[in-house]
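None of these values were measured; they are calculated from a predicted model.
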Amino acid sequence: TKNIATVNGKAIARAEFEERLAFQTDNMPTAELPTNGQYLKSGILDGMIQRIVMLDAAKQEGVSVSREDINKKVDELVQEQITTRYPDRKAIAKALKKKNMTLDQLKREIRGNFMKDPEGVKETLLFEKLEEKVKSRVTMTDDELKEEYAKVKARHILITAAKLKEKDEEKATADAEKAKPGDKAAADKAKAEATKGKDYKAAAKKLAEELLARAKKGEDFAALAKEYSADTGSAAKGGMLGSNKPPAPGSKEGPSEYFGRREMVPEFDKAAFSLKPDQISEIVETDYGYHIIQVLDRKVELPDDFDKKKKEYKDQALEQKKNQTWTDYSKDLEKKAAINVDDPELAAYRAMKDDDKAKALGLLQQAANADPRNVSVKYQLAMIYKDQGDKAKAIEQLKALAEDEQAAASVQVRMDLAELLSETGDKKGALEQYKAASDWAQAFDYQNMFQHQQ
């Protein structure tokens, strides 16, 4: 297709995406493409999406850039580059002598390079002005400042898709072992069949909702955490959390039962500090999974010199609030945007971010049919097949990669293939792949010691 995606009705052309991809892969060893392709391509797409939503936001916010603004910005960039390249007068004088030019001529040369892409300079300025405008709306009262020093004592229950899948695998393995002791192939097959086609993310959310209802009806929160929480560190303590910060040097006290602001991930932090003592949150989703939070106590601990350094503390807290507001604003732009990714490979990578492996698998198979030589697609297919317990298909994909001129030198491909061959009883094949991995890893050093040891 001509376009790979549309964002708020604006097309992202395949030609522009391919141009950016080529620029980033020009100096990359081809052996890195299978394993790094997903992150590289996803990163490029994310950047292109972010550019469009930011341009739209700048327009909606009434942010504009004049020719005078561009000239001023270029002057700043020229001076910045000169300062970076030549830290003192002696270095500048030496460079000018070597180039046989004056300082003004050097500045004009650097300026000319920047002006080759005036639209790029304009966009940079637009985004800077947009950030300034968003941050300028942020204020902080004295009461809000004091709230920055709030601490809460809380516990939580964490439900994850991975933990639910692990439980199913453990049960299937135990049942298979009981029926056919020592038959690893039977155990692997039972494990794959027990998890095949299941949407564990949806199951995790459903379980979290059930536990929330039970907790709100008055069931013992600590008992629920001990039985169900995937956070093994806190589950044993009834879900009780604490500070991540170590005690002050010389202090005889252990880690605090209370945690302060920004010690937890943003979504968790926001929910925990919005609760009053004895309140239970709704379901809070983070990158870790689904949380149910109960705040047990809350207090404010102001620094001893708070009154004396109040302005300094306020300036610091206001800056943190501005930065967080900008981060939240940027994330919300993409969440609210109408994004449609048409390219199956790139759509698959977005599905993988959402942990929707079933959707990703279908899209990757579609991408592989469209371009059988796409090494990134083959590698990700192999990893999903492996994750689903279909080792035969995973081996098939990895063997194809090991014979591909672009991917043959990939140490990781060889290692993954060797591991799967070993697990399926093909020790000879595994040895060949481990040998190839060791050969391609080259010099024996700390970076590749594991490959050689295997």
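- For the residue pair Arg20 and Gln24, no side-chain donor N or O sits within less than 3.5 Å of a side-chain acceptor on the partner.
- Residues Leu158 and Tyr290 are not in side-chain contact: their nearest non-hydrogen atoms beyond the backbone lie 4.5 Å or more apart.
- Smallest separation of non-hydrogen atoms from Leu296 and Pro277: O-CB, 3.7 Å.
- Nearest heavy atoms, Thr35 versus Ser410: CG2-OG, 4.4 Å.
- Annotation: Lys435, atom NZ; neighbour count of heavy atoms from other residues, nucleotides and ligands within 6.0 Å does not exceed 12.
- Looking at heavy atoms from C-beta onward, Asp69 lies in side-chain contact with Lys129 at the 4.5 angstrom threshold.
- Atom NZ of Lys205 has 12 or fewer heavy atoms from other residues, nucleotides or ligands within 6.0 Å.
- Side-chain atoms of Gln324 and Arg262 include no donor-acceptor pair closer than 3.5 Å.
- The two residues Phe259 and Ala272 have their closest heavy-atom pair at CZ-CB, 4.1 Å.
- Within 6.0 Å of CD on Glu405 lie no more than 12 heavy atoms contributed by other residues, nucleotides or ligands.
- When all heavy atoms are compared, the tightest approach of Glu61 to Leu130 is CG-CD1, 3.6 Å.
- Interatomic distance, Lys226 NZ to Phe221 CZ, rounded to the nearest 0.5 Å: 13.0 Å.
- Looking at Thr327, its side chain does come within 3.5 Å of a backbone N or O of Asn323 through a donor-acceptor pair.
- In this structure, Leu55 and Leu126 have side chains that are in contact, with non-hydrogen atoms separated by less than 4.5 Å.
- The side-chain heavy atoms of Gln294 and Ile157, taken from C-beta on, include no pair separated by under 4.5 Å.
- Heavy atoms of other residues, nucleotides or ligands lying less than 6.0 angstrom from OH of Tyr288 number 12 at most.
- In Lys216, the NZ atom is crowded: over 12 heavy atoms of neighbouring residues, nucleotides or ligands sit closer than 6.0 Å.
- With contacts defined as side-chain heavy-atom distances shorter than 4.5 Å, the pair Phe127/Glu123 qualifies.
- Other residues, nucleotides and ligands place more than 12 heavy atoms under 6.0 Å from the NZ atom of Lys353.
- Residue Thr160 holds its OG1 atom at 12.0 Å from NZ of Lys201, rounded to the nearest 0.5 Å.
- Annotation for Tyr228 and Arg214: closest pair OH-NH1, 3.3 Å, computed over non-hydrogen atoms.
- Here the CD atom belonging to Gln406 is positioned 13.0 Å from the CD atom belonging to Glu32, to the nearest 0.5 angstrom.
- Heavy-atom contacts from other residues, nucleotides or ligands closer than 6.0 Å to NZ of Lys135 number more than 12.
- Contact of the Glu345 side chain with the Asp371 side chain is not registered, since no non-hydrogen atoms from C-beta on lie closer than 4.5 Å.
- When side chains are defined from C-beta on, Tyr379 counts as touching Gln412, because their heavy atoms get closer than 4.5 Å.
- Remark: Arg414 fails to qualify as a cation-pi partner of Tyr434 under the 6.0 Å distance and 45° angle criteria applied to the six-membered ring.
- Taking the six-membered ring for Trp and thresholds of 30 and 60 degrees, His156 and His291 have nearly parallel ring planes, at less than 30 degrees apart.
- More than 12 heavy atoms of other shown residues, nucleotides or ligands fall within 6.0 angstrom of atom CG in Asn369.
- Remark: the Ser234 side chain and the Asp231 side chain contain an N/O donor-acceptor pair separated by less than 3.5 Å.
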Scan the side chains in residues 390-401 for donor-acceptor partners under 3.5 Å anywhere in the protein, sequence neighbours excluded, and list what turns up.
from, atom 1, to, atom 2, distance (Å)
Asp390, OD1, Lys393, N, 3.4
Lys391, NZ, Asp188, OD2, 2.9
Lys391, NZ, Glu423, OE1, 2.9

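- In this structure, Glu257 CD and Asp297 CG are separated by 9.5 Å, a value rounded to the nearest 0.5 Å.
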